[in-house]
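Below is one structure, written out as structure tokens; the observations come after it.
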2 protein chains.
Amino acid sequence: MNETGPSSRIPTQPRTRIQRRNHKAILDAALDVFSARGFRGATVDQIALASGLSKPNLLYYFPSKEAIHQQLLSELLDIWLDPLRALDPEGDPISEILAYVRRKLEMSRQMPRESRLFANEVLQGGTHLSDTLSKVLKPLVDEKADVIRRWSDEGRIAAVHPHHLIFSIWSLTQHYADFDVQVRTVLGNAEPDPFPEAEKYLVTLFTRLLTP
Amino acid sequence: MNETGPSSRIPTQPRTRIQRRNHKAILDAALDVFSARGFRGATVDQIALASGLSKPNLLYYFPSKEAIHQQLLSELLDIWLDPLRALDPEGDPISEILAYVRRKLEMSRQMPRESRLFANEVLQGGTHLSDTLSKVLKPLVDEKADVIRRWSDEGRIAAVHPHHLIFSIWSLTQHYADFDVQVRTVLGNAEPDPFPEAEKYLVTLFTRLLTP
DNA sequence: TGAATGTTTGACCAAATGGTCAGGAACACG
DNA sequence: CGTGTTCCTGACCATTTGGTCAAACATTCA
């Protein structure tokens, strides 16, 4: 065991300037590599190269490949759920849901690597996530599903299964990040940026679905 | 190079009974392993074990891990596109699209491994697919998109962007196979089989979206 | 300036992994 | 039955990969 290096010290915060810089560089490079090739497909050498560090130096900052992956995932889930957290029970139902859709789609556009990291993980059984999934994701979804059900009961939106509504928002928006290659291949050069049309389409879809 | 074995002979059809049996066993085991762990995450040993063969014996039937993967993918795409091929330009527009949705959802239920294999591949840049994607998938989608546009122009369905409509059918139905873990975690034990509700929800969604 | 602390690296290792090969076992068939 | 072909395996190999370590190099700050 390598007992030197900041990685052995359970640092709440990286201390020095250099540590902060390299920490960041590693996580960014790792996001590139993990999202593009999956956990097993990524090698420590690739991450080291992409972050501009040597492999031993990288392992001075993180105890293992696994640890980097783990940290990325745990940081990710919070960011990932923020758009749903922001769904306001006191707001106008349809506007709130449409705003959620827009925020999620915007995340697919701005953070495709994060989306793919998550997709890779869930796709392969979500072993590194299953705890967080049931302890963080499920309660939040249940809470927001209740809000949607209430709106539905009050006749402010059309009747829909709240959980499946949420699934559909996830799948429709994340599709543009996760299946990017396919989307762009099918659309061809005529529509180089799929997102503007995607937004129009999704707004139409959810408006027609939800308007009572 | 191992020049013995049926794999070196470009066999149009496996010859003997044993070859047919083992070929099938290998492809089935490989589908299990590749879909669950991705190409790089899968090992030849795992596939060999799952198919009940020794590693050298497996490599007697296929020249390489890559070759198994390749064959699975090329067989897959045809199956995968069948539901779309069946979309009948002469049929009733809404019934046709709903039937397509149902067929795709049924495939997610019956063939989740295939769905995940495909997702894994596209997610990681689709390098093994990009040719087929542009030469087979795109033309077919363009053709069916034209049909949908015609229906739209004739006022038989509401106005929608045809390509994005197709994307939405893909993402919504495949989500239940690809993100199975997440779906089941969120729904909990109360709804052990998500598919019946999923079908209701999707039928409602597309009916409301498309009814003029 | 110099000692303590933090950072970096070349060389190295053990395990895992894709693949090979020589030869033995099982089978088909005249 | 025997002989040619198909099928199967233990032993082996080269490469890749995650990770280690001692020692050199920087940086900080008293």
Side-chain angles (χ1 to χ4, degrees), chain A residues 1-27 29-30 32-34 36-72 128, chain B residues 1-27 29-30 32-34 36-72 128:
Chain A
M1 268 263 219
N2 182 1
E3 277 304 338
T4 61
S7 67
S8 59
R9 265 184 244 125
I10 319 149
T12 31
Q13 285 276 327
R15 278 140 238 269
T16 76
R17 200 174 326 178
I18 296 176
Q19 267 177 50
R20 261 190 303 276
R21 167 168 50 82
N22 286 347
H23 228 81
K24 235 182 150 184
I26 291 168
L27 288 174
D32 261 11
V33 179
F34 282 137
R37 339 206 15 163
F39 179 73
R40 292 271 334 244
T43 75
V44 176
D45 281 290
Q46 286 163 359
I47 301 173
L49 187 73
S51 63
L53 301 177
S54 67
K55 183 167 65 163
N57 198 13
L58 182 150
L59 289 164
Y60 167 76
Y61 290 100
F62 285 88
S64 69
K65 178 185 169 183
E66 182 84 32
I68 306 176
H69 191 240
Q70 205 58 260
Q71 171 146 2
L72 277 178
H128 301 252
Chain B
M1 270 264 217
N2 183 0
E3 276 306 336
T4 62
S7 67
S8 59
R9 267 184 243 126
I10 318 151
T12 32
Q13 285 276 327
R15 278 141 238 271
T16 76
R17 200 174 327 176
I18 295 176
Q19 266 177 51
R20 261 191 303 276
R21 167 168 51 80
N22 286 346
H23 228 82
K24 236 184 148 182
I26 292 168
L27 287 174
D32 261 11
V33 179
F34 282 137
R37 340 206 14 163
F39 180 73
R40 294 269 335 241
T43 75
V44 176
D45 282 288
Q46 288 163 358
I47 300 172
L49 187 73
S51 63
L53 301 178
S54 67
K55 183 168 64 164
N57 198 15
L58 182 150
L59 289 164
Y60 168 76
Y61 290 101
F62 285 89
S64 68
K65 178 184 168 183
E66 181 85 33
I68 307 175
H69 191 241
Q70 205 57 260
Q71 171 147 1
L72 278 177
H128 301 253

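Here is how names work: the chains are called A, B, and so on, in the same order as the sequence lines, proteins then strands, and each is numbered from 1.
Note on ring orientation: taking the six-membered ring where Trp is involved, the planes of Phe39(B) and His69(B) are tilted (angle from 30° to 60°). Ring geometry, His23(B) versus Phe62(B): the interplanar angle falls from 30° to 60°, so the pair is classed tilted.
The two residues Leu59(B) and Ser64(B) come nearest to each other via the heavy atoms CD2-CA, 4.0 Å.
Atom pair Asn57(A):CG and dC25(D):P shows a separation of 15 Å (rounding to whole Å applied). Computed from coordinates, the Arg20(A) CZ to dG6(C) C1' distance equals 14 Å when rounded to whole Å. Counting to the nearest Å, the P atom of dG18(D) and the CG atom of Leu49(A) are 14 Å from each other. Atom NE2 of His69(A) is separated from atom C1' of dG18(D) by 15 Å (rounded to the nearest Å).
When heavy atoms are screened at a 4.0 angstrom cut-off, Ala67(B) is found touching no nucleic acid atom at all. Among the protein residues, Arg40(B) comes within range of the sugar-phosphate backbone only, with heavy atoms under 4.0 Å from sugar or phosphate atoms but none that close to a base.
For Leu59(A), the side-chain atoms get nearest to dT20(D) when compared with the rest of dT7(C), dG10(D), dT20(D).
By the salt bridge (charged side-chain N to carboxylate O under 4.0 Å, His left out) test, Lys55(A) pairs with Asp45(A), sequence neighbours left out.
Each of Gly41(B) and Arg17(B) lies near DNA chain C, and the nucleotide nearest Gly41(B) is the one positioned closer to the 5' end.
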